[in-house]
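Right, one structure below, let's go through it.
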Amino acid sequence: MLILECPYCGVMADETDLHGGGEAHLKRFGPGSSDDDFETYLFHRKNPKGVHFERWRHVSGCGKWFHAARNTMTLEVYGTYPAQTYEPPKDLVAKIKKKHPEWGGYE
Amino acid sequence: MRRYSAFAIAREAARYHTGWERAWKSPKPKKKYDVVIVGAGGHGLATAYYLGKNFGITNVAIIEKGWLGGGNTGRNTTIIRSNYLQDPSAAIYEKARSLYETMSQDLNYNVMFSPRGVMMLAQTEHEVRGYERTAHANALQGVKTEFISPQRVKELVPIMNINGPRYPVLGALWQERAGTARHDAVAWGYARACSDMGMDIIQKCEVTGVRQANGVVTGVDTTHGQIDCDKLAMVVAGNAGHLADMAGFRLPMESVALQALVSEPIKPCIDVVVMANTVHGYMSQSDKGELVIGGGTDGFNNYTQRGSFHHVEETVRALVETFPIISRLKMLRQWGGIVDVTGDRSPIIGKTPLGNCFINCGWGTGGFKSIPGSGWAMAETVAKGEPGSLAAEFGLNRFSEGRFIDESVAAGVAH
Amino acid sequence: MSTRLAQGGRLIDRSKPKNFTFNGKRMKGYEGDTLAAALLGEDQMLMGRSFKYHRPRGVVASGAEEPNALVNLGQGERFEPNQRVTTTELFDGLYATSQNHWPSLEFDVGVVNNYAARFLPAGFYYKTFMAPKAAWKHVFEPIIRKSAGLGQVPTEADVDRYEHYYYHTDVVIIGGGVAGLASALAAGRSGAKVLMMEQTHHWGGRAAVDGGEIDGQSVDAWIDAAVAELEGMENVTLRTRMMASGVYDHGYVLGYERVADHTPGDGRPRHRLWRIRTKQIVTATGAIERPLSFAGNDIPGVMLASAVRDYAVNWGVSIGDRTVVVTNNDDGYRTALTLKEAGMEVPAVLDARAEATGPLAEAARAAGIRVEAGKAIAKVHGGKRVTGVSVCLQAGEGSTLEEIKCDAVAMSGGWSPVVHMWSHCGGKLIWDEAQAHFRPDPNRAPTSHDGEAFVVTAGTASGAMSLAETLEDAYAAGKAASKAAGGKAIRKAGPKAEAEAEQPMAPVWIMPQGAGPQKRMKMWLDYQNDVKVSDVQLAAREGYESVEHTKRYTTLGMATDQGKLSNINGLAVLSDALDQEIPTTGTTTFRPPYTPISFGAIAGEARHEIFQPIRRTPMHQWHEDAGAYMEPVGHWRRPYCYAKPGETNEQAVHREVLNTRENLGLLDASTLGKLIVKGPDAGKFMDMMYTNMMSNLAIGKCRYGLMCSENGFLSDDGVVARIDEETWLCHTTSGGADRIHAWMEEWLQTEWWDWKVYVANVTEQLAQVAVVGPNARKVLEKLGGMDLSKETLPFMQWADGKIGEFDARVYRISFSGELSYEIAVPASQGRAFWDALLEAGEEFGVMPYGTECLHIMRAEKGFIMIGDETDGTVIPQDLGLNWAISKKKEDFLGKRAQQRSHMTDPERWKLVGLETLDGSVLPDGAYAVGEGNNVHGQRNMIGRVTSTYYSPTLKKGIAMGLVLHGPDRMGEVISFPTVDGSNTVIKARICDPVFYDKDGEKQNV
Amino acid sequence: MSNAVSALQGASFDGYCKVEEAGLTGMITLRGDLASDGVAKAVKAVTGAAMPGQGEVTEGAKGRVGWMSPDELLLIVDHADAAAIVEAATASLGDEHSLVVNVSDARAVYRVKGAACREVIAKLAPADTSVMQPGMLRRTRIAQIPAAFYLEDDETAVLVCFRSVAQYAFDLLKDAVEPGGEVF
């Protein structure tokens, strides 16, 4: 039963107030893209045992999408941040790296 | 292998059961095998069994990082059915179901296949039409199902409230020869048979790397050292993506937790398996008397084998509404299993970008019921190097072509 | 015999007798009794039968760990099977019956299994019952099912109510024994918000039974003082009768409060499930005594030594007149001393340790009790009740040295901390050699959302076995937890007790050590499931070496107590059989709940009318009053049809169709989704959302549009209206409003966040009525107001204005093919508007119509329906909707997907009309067959029915379907096999899907 | 409009707290840049209230304003005035990118009155009601539906949900205040 801090409302939201949306920072491929790129965009998901950047919507709160860095093995949440970005905030990446030096970083 | 029978038990009873031999051996790995199978769950063991039985390939190792049958084979709600809508699904699940019919005799191990019947309730007009469609398709697919009336539902399950205030039961899709089996016994029975054919089941042995040369697999590195092989079959749940990573390819898949629970045991009260998709719950009663209940999957990637409680709540309230007498019964135990879900929620069986490396994964919530069919199809794929008819449509390439096998269409999801 | 003592019983009030019934016999106990204590007080030692062999079973424990004494409690609508008597509070009128026997508890036919036990070892069923094949389902399984199971099946619906409660706190303390109290004092003094829960109805746990002093007071006095201090703290909440059933991720704890189990029918909720979020958890859950494994250790009268002591001290109940104590540790002596003090006989203490020299052993000797070191029980005598024991050397093979007559045996095999709450969320254990138990490893605690440990253990739950250590450990735990939760540091010292010297315990896993197979077959590990030492050894011999294999093969620890008494002993036996250390064997996984919790509590308030929300339109009540047959559409309920008295639903639907086509029909269309899309970039956005071009829609006009998923599949449709330069209004399907709203927001927030577009869902702001039929304009003109003439408001346009006194937005659109206006008014006026239309429409033959009529009329017109023609695998091109897919646009959601090879495959099935040769109605979901079989041996299918109805207008069956090469095969006849058992095939001709008014003359008038 | 009725037309229930449907209530969704002067000005003009901060609800002479999300406000006004206020606010915002919509009839509003009003909501909502004070607003859910609530005073909670589920919300609240269900 996760709790995640909604970066817009500032509340610790219960999992039941949230809706998970899978991997974050997907790059959309539209008309003109290769079959491979399009398949990757729609179906290939990072499914790491460890640090995962993912999307959540504060569905029964403010209704906004945000991103979270979460560990799929321990469920630790390293941080949440607004969705309007192409990659995770640098300080968050640094914080995770500090905690888990063996982590390969965000790719 | 000494055969199991009532006579064997009587003979052993005379000497206080001290004479039973091991059900499977515990060998050290050899240097090389014709086929190495990663994963000694139901699917991996069934793959090995049919490699031996159907193709005479017995120089096989089955490598397991934990204990055999310890993944989803031993954590599911044991339902076996084949009332699927799409042709390839109906084919492989019906193959599996028919193999379950004779599995106890084939393996000389009682897996307690109980064809008690599975019903899927239709509780909206939309669901009625969806299941009528499935019944039509099944008739042409050679899967025996029928759409039954609410009265027949009530006769089969007297404890059901078919006139609930919220969703009256409008009928059900009924598969009479579907049912349940003892999940652990399926793994143990296959393991015993594989061991008897001379295959090596190596438990507590984790794969740490996949060896390859010139785009072709040559073996695996494990916590027990290097093991060479001509062919490699990856047959794991929850770890398929991890293994694929080692072999250098990606899978269109995510891993999530699926919830299940059982009640305390009571005397028999429900003789069939009931699935209610509109309200998200399904229930049967084990031979021990426990109500075995399945819930939903969590909406986030998770490898912890723990899940969230709210799915349990959702499922239980649906079942209390459907079966009012269970309200004062109690939940004994809840658990989570990690299931791999693909882009169209159907499995992947077939070749991989790495030569002589084959994969069988992504069974989602349908893994247990498919075990023998999956093993049969995978064995054929590994033995021949090409998928046979059962596996052909489950290949990885379907995602780039947009050729999905989508079973959710019949699930009565309101649009 | 077991009996109520003349005095004693710290928890009972002898001035308040309570009457109850067990197996029809009227009995008496006291307030404060558990049902177990009351039954024992009435000499009712036999309480049930075991699961497999139906052996007689008496109570063995005094708390939540009890595996044996389960009863059917209550009757009728308050009947509950499998209730543990040790945790059931006695109340007046309690009604209990024993379970799992036939015909009676005393004489149970099922006990034949016991005599055949030798032929029914662990896993026997895997090895037999295989022939003939059909026999399992029809012969063996029914027999097994009938003899298995425990409690009876309830026959009536539950009359009680349940509720949930969300609670947020800093520290949760689980367990109200002295450890929990000490932790709570520390946490409370820190100022942190503390919730403390205790599963029984009294505070203090077992410490008072064991005696001793805390801070110079008796334990009882200290407990009272501690509770009083805690009650005085505003930041501390105390709850009894509340069990922590599970610890979940991120500080989520379930508290199972049994509010009214002991006061049935008093109007309160029976159970309340607390859903707690906390920063820190202290588990002060105590420890559970382990049984010893000796032959006959399951005979009624053999009990845990601590339980024997509990019954004497807490409830003034003696288990027997002569009690032999058997132990491998000093604690067993406390029972001997307690019994002696209470005036009972203790013929001997059999201490399995080579010598018994500790202070407690000396005290026993001083009290005149015979102490035998190095001795063991070779065998317990008796059937339904202990009659004596044979004594042997622990180090030997079990030759009898002497027989001692007794009617009770108190056994103590050492103590295991209750680690469930620690383990549920991933806390790890370490093996403690000295105490021979697993205890929490403080260095490997479960971690929360912040990656920090969030559970600490306190007292015996930590493995601190003496009172002095317990208090010290627990106070420190309370301090640590409150500090981690943000409480302030505290100086005040915690409670103290004198340290007592004890002789170390010695692990004893079977008794005697060299017992042979015959004895091992009589040593029970799991009492309820009848798993014996021999079974575990058999599992190991057969290769079921993993602890999970052994558990599953033997069913050890799978009973309703989930192995609270049996697991450690079973592990030890398994480890011995495998010749490996116990920690190597490891434990099975601890899963919630700690003890079983009711389904009613889990479901909470969600029952009957509030099982799920029902969404109602402003006109809903009218529909119900009119006797409409309602159908669920998402969470909405929509009228399917309005049958009149004497009319079938089918007749009503046909009447509604004809009336609408000939006169005037009204449809409550309020459930249609309505989304406003506004902003400078709204046109661009609309063009991405829809397959057609929406940016060029003229103000005042309407256009039918399609939406696809990124995977290319058709997901929703509806009419879009251009409101002003920057504003569009999108209609979605009834089930689609929230989904499409979320879909739009997702793209705006996560992909095109720099686009200036706002979306608002106004679905519920508006009531919408479709006024349909040749008389539609007439009724509206009669109400007066805006000009709705063909010239002013042509087809596919909209206008704002007044209709009568109602503020209305009128869309000139048609889903039926008739002259039609869809009119939106504020929801608060919806019912009045509906009533006004009905009244004004009377002279024009107005009748409301339902969803089925709607479906038929649209099918007659060849309009697709999302969910019928689509199922998540259909693209617009399949449905001949290419006209609604812009070729000019570079991009829209789904466009790229529709270019994939399978999407452009000419073999995809395409939409056509179908008419049966004989005019009959094709069955729903029917498939058309082609020649031969596919590779799977399945019949080749070449199409399927997507919608099929009897058309009252055309007086024949009409259908739509997706057919291979369908549009190229107009006029061809294809075959649909039936599945109704008649083995018939229905033949249908492929035709244009528009069956009615192909030129649209009716709707354009 | 005389025809206008609220979802449950003022239904009420006396339990250990009193639950009553508030009747017709004007509600307006305003989406825009909450940091802009234009929005603050419009809000002030039509309600008299100051701009609420994150998680707040403010009160003015003509109505309340609740913070719903980083780009959305809820204006709570007289039902009869709502349409005019929408027009006034829209006019006040002029060309500024914004959306003002009347949602009065899309909602149902309840008051839970009594010392235990926080406790009643805590039976249904996963939000921490104990920290709620007048002036704060929380969007969350009650049982299976979305809802928002705030406190008018220490003993009056106001709960807002969608109109279509008004009956469900009322039945939930009725169940929660049933005598005998007092938690404390």
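Chain letters run A, B, ... following the sequence lines, proteins first, then strands; residues in each count from 1. Side chains included, hydrogens not; waters and symmetry mates left out as well; all remaining heavy atoms used.
- Going from atom CZ of D/R107 over to atom OG of C/S828 covers 14.0 Å, rounded to the nearest 0.5 Å.
- Heavy atoms of C/Y167 lying under 4.5 Å from chain D belong exclusively to its side chain.
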Check your understanding: How far apart are the C-alpha atoms of D/N3 and C/F833, what are their side-chain angles, what is the distance that settles it, and do they pass the side-chain contact (heavy atoms from CB on, under 4.5 Å) test?
Key -> CA-CA 8 Å; D/N3 286 320; C/F833 184 56; over 6 Å; no

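- With a threshold of 4.5 angstrom between heavy atoms, C/T169 does not approach chain D through any atom at all.
- Around the CG atom of C/D754, the shell of radius 6.0 Å holds more than 12 heavy atoms that belong to other residues, nucleotides or ligands.
- When each of C/T671, C/V759, C/D835, C/D266 is scored by its heavy-atom pairs under 4.5 Å with chain D, the top score falls to C/V759.
- The structure places CZ of D/R163 at 11.0 Å from CG of C/L766, a figure rounded to the nearest 0.5 Å.
- Top candidate by heavy-atom pairs under 4.5 Å with chain C, chosen from D/H79, D/Q144, D/E178, is D/Q144.
- Proximity to chain C is absent for every atom of D/T29, based on heavy atoms less than 4.5 angstrom apart.
- Contacts of C/R239 with chain D are made by side-chain atoms alone, with heavy-atom separations under 4.5 Å and no backbone atom involved.
- At a 4.5 Å heavy-atom cutoff, D/A7 makes no contact with chain C through either its backbone or its side chain.
- Heavy-atom neighbours of C/D625 CG from other residues, nucleotides or ligands within 6.0 Å: above the threshold of 12.
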**Study point:** side-chain contact (heavy atoms from CB on, under 4.5 Å) between D/D128 and C/R277, worked out
**Key:** CA-CA 9 Å; D/D128 185 357; C/R277 281 283 185 197; over 6 Å; no

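- For C/P269 against D/G180, the heavy-atom pair with the smallest separation is CD-O, 3.3 Å.
- Counting heavy-atom pairs under 4.5 Å between each of D/G181, D/S6, D/A83 and chain C puts D/G181 at the top.
- Between C/Y165 atom OH and D/T129 atom OG1 the span is 5.5 Å, to the nearest 0.5 Å.
- For a residue to count as touching a neighbouring chain, one of its non-hydrogen atoms must lie under 4.5 Å from one of that chain's; by this rule C/E605 touches chain D with backbone and side chain alike.
- The aromatic rings of D/H97 and C/Y758 sit parallel, their planes meeting at an angle under 30°, below the 60° perpendicular limit.
- Formation of a donor-acceptor pair under 3.5 Å by the C/E764 side chain with backbone atoms of D/S164 is found in this model.
- When heavy atoms are compared at a cutoff of 4.5 Å, C/V825 does not approach chain D at all.
- Between the CD atom of C/E609 and the CG atom of D/L172 there is a distance of 12.0 Å, given to the nearest 0.5 Å.
- When heavy atoms are compared at a cutoff of 4.5 Å, C/Q612 approaches chain D by way of both its backbone and its side chain.
- Other residues, nucleotides and ligands place more than 12 heavy atoms under 6.0 Å from the CD atom of D/Q54.
- Judged purely by atom type and a 3.5 angstrom limit, C/H164 has no side-chain atom pairing as donor or acceptor with the backbone of D/A125.
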Review point. Hey, mind stepping through D/R31 and C/E745 against salt bridge (Lys or Arg N to Asp or Glu O under 4.0 Å) and telling me if it holds?
Key: CA-CA 13 Å; D/R31 296 196 62 183; C/E745 282 290 343; 2.8 Å; yes

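- Although no hydrogens or angles enter the test, the distance criterion places no donor-acceptor pair under 3.5 Å between the side chain of C/R616 and the main chain of D/Y168.
- With a threshold of 4.5 angstrom between heavy atoms, D/I145 approaches chain C through side-chain atoms but not through N, CA, C or O.
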Check your understanding: Going through the distances and angles, do C/T237 and D/F184 end up as a side-chain contact (heavy atoms from CB on, under 4.5 Å)?
Key -> CA-CA 10 Å; C/T237 299; D/F184 290 104; 3.4 Å; yes

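- Residue-environment remark: CD (D/Q133) exceeds the threshold of 12 foreign heavy atoms within 6.0 Å.
- Between C/W274 and D/V183 there is a side-chain heavy-atom pair separated by less than 4.5 Å.
- Within the 3.5 Å criterion, the main-chain N or O of D/A106 finds a donor-acceptor partner in the side chain of C/Q765.
- If you measure heavy-atom distances from D/E119 to chain C, the contacts under 4.5 Å come from both the backbone and the side chain.
- Within the 4.5 angstrom heavy-atom criterion, atoms from both the backbone and the side chain of C/I610 approach chain D.
- Other residues, nucleotides and ligands contribute only 12 or fewer heavy atoms inside 6.0 Å of the NZ atom of C/K756.
- If you measure heavy-atom distances from D/A166 to chain C, you find no contacts under 4.5 Å at all.
- For a residue to count as touching a neighbouring chain, one of its non-hydrogen atoms must lie under 4.5 Å from one of that chain's; by this rule D/V101 touches chain C with the side chain only.
- With a 6.0 Å radius and a threshold of 12 heavy atoms from other residues, nucleotides or ligands, C/K684 has its NZ atom above the threshold.
- Heavy atoms closer than 4.5 Å to chain D are found in the backbone of C/F611, but not in its side chain.
- Counted within 6.0 Å of CD on C/E624, heavy atoms from surrounding residues, nucleotides or ligands total more than 12; the atom is thus considered enclosed.
- Interface residue C/R161: only side-chain heavy atoms are found under 4.5 Å from chain D.
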